[in-house]
Amino acid sequence: MTTRLNPYLSFRDTAKDAMEFYHSVFGGDLTLSTFAEMHANDDPGDQDKIMHSMLTTESGLALMASDTPSSMEYNPGTNYSISLSGDDDAELRGYWEKLSADGTVTMPLEKAPWGDSFGMCVDKYGVSWLVNISAPEGGSQS
C-alpha cells in the first residue's frame, strides 16, 4: 500500500455542512460518521456531531474532517492552507469558482510571475485554498 498525505480539517459544529459543500465542489464519495454512531462520546450535545468524515474522488483527492467535541479546546487558525494544483484548467477553475463563492478572494486567480495561473481564497468555512494551474507547455495561459 502506498503512503498518502491527507488534509484533516477540524471544525466546531460545521463539519457536516463543510464536507457536504466540499462534496458539491469536488464530487466523489463522502462518508460521515457521528459520535453517536461510533459510540465515541457520552456528551448528549455532541452525539450528532461528526466524529470522522472522508471525501475521496476518482482523481485521487482525499479530504478528511471532524467536529471538535465540546470538551476539547478548539482554536481555528491561519497556519494551514490546502493547495490544489495541476494542468486541467477547466477542472481547477471550476473548483476555484465554487470554493471562492461566498468566501473571500485574497489573491485573484490570474497569471503569476512564474507563468502559471494562481489564486488564493478563504472559503465560507474559513479554510484557506491555493489554486495553481500549470501553464501549457510551450504556451501561455490566460
Enquirer: Using the ring centroid of each side chain, check whether F35 and H52 are separated by less than 6.0 Å.
Expert: no
Enquirer: Going from CD on E110 to CD1 on I133, what distance comes out if it is rounded to the nearest 0.5 angstrom?
Expert: 12.0 Å
Enquirer: What's the spacing between L32 CG and M19 CE if we round to 0.5 Å?
Expert: 7.0 Å
Enquirer: Looking only at the side chains, is there a donor atom on one of S70 and D46 sitting less than 3.5 Å from an acceptor on the other?
Expert: yes
Enquirer: For the pair Q47 (side chain) and N41 (backbone), establish whether a donor and an acceptor sit closer than 3.5 Å, ignoring hydrogens and angles.
Expert: yes
Enquirer: Apart from F118 itself, what residues make up its hydrophobic cluster when side-chain heavy atoms of I, L, V, M, F, W and Y under 4.5 Å apart count as a link, directly or indirectly?
Expert: M107, W114, M120, L130
Enquirer: Counting only heavy atoms not in D48, do more than 12 fall under 6.0 Å of its CG?
Expert: no
Enquirer: So does E37 get a backbone contact from the side chain of T34, meaning a donor-acceptor N/O pair under 3.5 Å?
Expert: yes
Enquirer: Do L61 and L55 have side chains that approach each other closer than 4.5 Å (heavy atoms only, starting at C-beta)?
Expert: no
Enquirer: I want to check something: taking the side chain as every heavy atom from C-beta on, are S128 and Y80 in contact at a cut-off of under 4.5 Å?
Expert: no
Enquirer: With rounding to the nearest 0.5 angstrom, report the CG to OG distance, D43 to S71.
Expert: 7.0 Å
Enquirer: Just one of K98, E97, R93, E91 clears the side-chain hydrogen bond (donor to acceptor under 3.5 Å, both in side chains) bar with Y95, so which one?
Expert: E91
Enquirer: Is the shortest heavy-atom distance from the side chain of L63 to the side chain of L9 under 4.5 Å?
Expert: yes
Enquirer: Would you say L92 ends up clustered with V105 if hydrophobic residues are merged whenever their side chains have heavy atoms under 4.5 Å apart, either directly or through other cluster members?
Expert: yes
Enquirer: Going by atom types alone, do S59 and T57 pair a side-chain donor with an acceptor below 3.5 Å?
Expert: yes
Enquirer: Is it true that E20 and K16 make a salt bridge, defined as a side-chain N closer than 4.0 Å to a carboxylate O?
Expert: yes
Enquirer: Does one side chain, of D123 or Y22, offer a donor that lies under 3.5 Å from an acceptor on the other?
Expert: yes
Enquirer: Whether the T68 and K49 side chains hold a donor-acceptor pair (N or O, under 3.5 Å, no angle test) is what I'd like checked.
Expert: no
Enquirer: Would you say S53's side chain and M64's backbone share a donor-acceptor pair under 3.5 angstrom?
Expert: no
